[in-house]
Amino acid sequence: MTNDANKNARAQFEHVSLAFDTPRGKLQIVDDVNYSISDGDFIAVIGPSGCGKTTMMNMLAGFQKPTGGRVLFDNAPVQGPGPERGVIFQEYGVFPWLTVRQNIAFGLTLHANRVAPGEREAICDHYLSLMGLSDFANSFPKHLSGGMRQRLAIARAYAVKPQFLLMDEPFGALDAQTRANMQNLLLQVLAAEGKTVMLITHSVEEAIYLASRIVVVTARPARIKEIIEVPFPYPRDESIHERPEFGQLRSYIRELVMNEYRAQQAQSSFSE
Amino acid sequence: MKADGVKRILLGAIPWLGAIALWYVVRWSGIVNPSLIPAPHAVAMKFVELLLHEGLLVDVWASTQRVTLGVLLGIAAAVPVGFLLGWYRPARTFADPMINFFRALPPIALIPLVIVYFGVDEMAKLVVLFYAAFFSGVIVMYEGVSQITPLYIRVAQTLGASELEIFRKVIIPLTVPHILTALRVALGVAWATLVASELIAAQRGLGALIQNASTYFLLDVIYVGIICIGFVALVMDMILRAISKRLLVWQERAVA
Ligand SMILES: Nc1ncnc2c1ncn2[C@@H]1O[C@H](COP(=O)(O)OP(=O)(O)OP(=O)(O)O)[C@@H](O)[C@H]1O
Ligand SMILES: [Mg+2]
């Protein structure tokens, strides 16, 4: 990696490793991961379940310290979480004691990004309608379906407009149509607000459609298998799904990923 | 709607009527010497007599007051202590054996000591009730708080919440259900301890009423006292449940 490439790097993984202490000894989860995310990049991370993707994101979000190497954000080691790195959690983390509207407004009531009440309501209304949650504005999350909770978590994260978005399988619980809508909405938000994104996904199509680079990680411990540049310029629309290059790229990445899924499966049947 | 309400009241009344019927059956069947079991109607008459001429309400009030005060003070202390124990793992490892030791001690066993140190006044009774409420409340609080998942705190952090904001806007709402449960548990324990606490030279109170009646073998008065305790405890629990229901509308399962 040249120094040039590091100049506008927002996030850097420098030979990052992580091992958990378990009753059965040290468990290596992330192994010598090395890549950087520049301003305006859209990185998609793809790899088998349980390989260490969330763990990798947690280190950048500031919830976990690497046991080897460094994770840098804006050229400083990550010390802890912060509002400039918005996170959409795999488990959503929708606050059950707040209504849908209050959930979206939560970040906007905090000192770090407080806005006038009028504006707050306007932002809430905006995302309520974008996410198709207007009818449930005053319901509690217990009345929402899984996909609705996921959309609520997305709205809550978007509302505070973080410059850097960490998204852990954010569209996993959605039907194909809603998923496509959410992908397009994300592209619109990016075009308008110029964010940098790290997205974890299991969908090869989603990765190609959204990302500028795709990081394929290996079965546990997560190492970088390959980093693939996606050749399509932004703005993108759904027509790129029909392009021959899309199909080629998809077959290529599928093959890579399938190998790792098989490796992971072999691994878990060994450990049983 | 209205028919529904009537139905519910009827359904609720059936077990009570059943219990009274069973009471008559036991009395008349001769399994037990009838002179040892006052009839329900005799107890009811005694109740009216005590109410009108012996100031039963004063007893009810004295006991309710003691229980309420003991529980409020006990929980006021148990909430912060239980919270700290639940929140800071090291604090738990070191305080856990101690708490369980004191919790296992029946309050009644402490009465001689309480009399030595606090005399026989109102203070002494309060100490016993406080003790009972505190230790039952602490356990509920810390079990509950230690089960709060870090996920919500992480979410708040990534949205920019400060430590204070996390406490006010995330931890407190997550703690409220446990405070309410602690209150309910402590109330139950405190009523159970009441008679013991009123062993300490109480003039008035339902426990005192029962104590005095037992010296003269006034079975009907004992029954009235017991039923009053159960009834007041039930009403207080219903009030707390109603409050819980309002505060915890968001909870997945209705508060039982
Ligand atoms: N605190 C921990 N202690 C021990 N092991 C852990 C801990 N957290 C995660 N792991 C292990 O680390 C591995 C990777 O977990 P991680 O959540 O990063 O997977 P993932 O790639 O996000 O999977 P998925 O696609 O299913 O979300 C798993 O095998 C998990 O069991
Ligand atoms: Mg994951």
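The analysis underlying the following values was restricted to heavy atoms, covering all of them including side chains, and did not include hydrogens, waters or symmetry mates. Each chain gets a letter, A, B and so on, in the order its sequence line appears, and its residues count up from 1.
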**Where B:G160 and A:P83 come nearest, the two heavy atoms and their spacing** = CA-CB, 3.5 Å
**Message:** If we define contacts as heavy-atom pairs under 4.5 Å, which of A:G107, A:G82, A:A112, A:P96 has the most with chain B?
**Reply:** A:P96
**Which portion of A:F63 sits near chain B, non-hydrogen atoms under 4.5 angstrom** = both
**Request:** Would you indicate whether the side-chain heavy atoms of B:Q251 and A:W97 approach each other to under 4.5 Å?
**Result:** no
**Asked** Does any heavy atom of chain B fall under 4.5 Å from the side chain of A:N58, the backbone, both, or neither of them?
**Response** side chain
**Request:** Tell me, for A:V160 versus chain B, whether the close heavy atoms (under 4.5 Å) come from the side chain, the backbone, both or neither.
**Result:** side chain
**Item:** N/O donor-acceptor pair under 3.5 Å between B:K169 side chain and A:L110 backbone
**Value:** no
**Request:** State the OG1-CZ distance between B:T158 and A:R156, to the nearest 0.5 angstrom.
**Result:** 7.5 Å
**Prompt:** How long is the gap from OH on B:Y152 to CD on A:E91, to the nearest 0.5 Å?
**Reply:** 10.0 Å
**Complete:** CG of A:L108 to CG of B:L159, rounded to nearest 0.5 Å, is 9.0 Å
**Message:** Closer than 3.5 angstrom, by distance alone: can the side chain of B:E165 be matched with the main-chain N or O of A:H111 as a donor-acceptor pair?
**Reply:** yes
**Message:** Under 4.5 Å from any heavy atom of chain A, what part of B:V249 do you find: side chain, backbone, both or neither?
**Reply:** both
**Asked** Are more than 12 heavy atoms from other residues, nucleotides or ligands located less than 6.0 Å from atom CZ of A:F20?
**Response** yes
**Asked** Mind checking whether B:W250 and A:L98 have side chains closer than 4.5 Å, heavy atoms only?
**Response** no
**Item:** Engaged part of A:S139 at the chain B interface, taking heavy atoms whose separation is under 4.5 Å
**Value:** neither
**Asked** Should we say atom CH2 of B:W61 is surrounded by more than 12 heavy atoms from elsewhere, each under 6.0 Å from it?
**Response** no
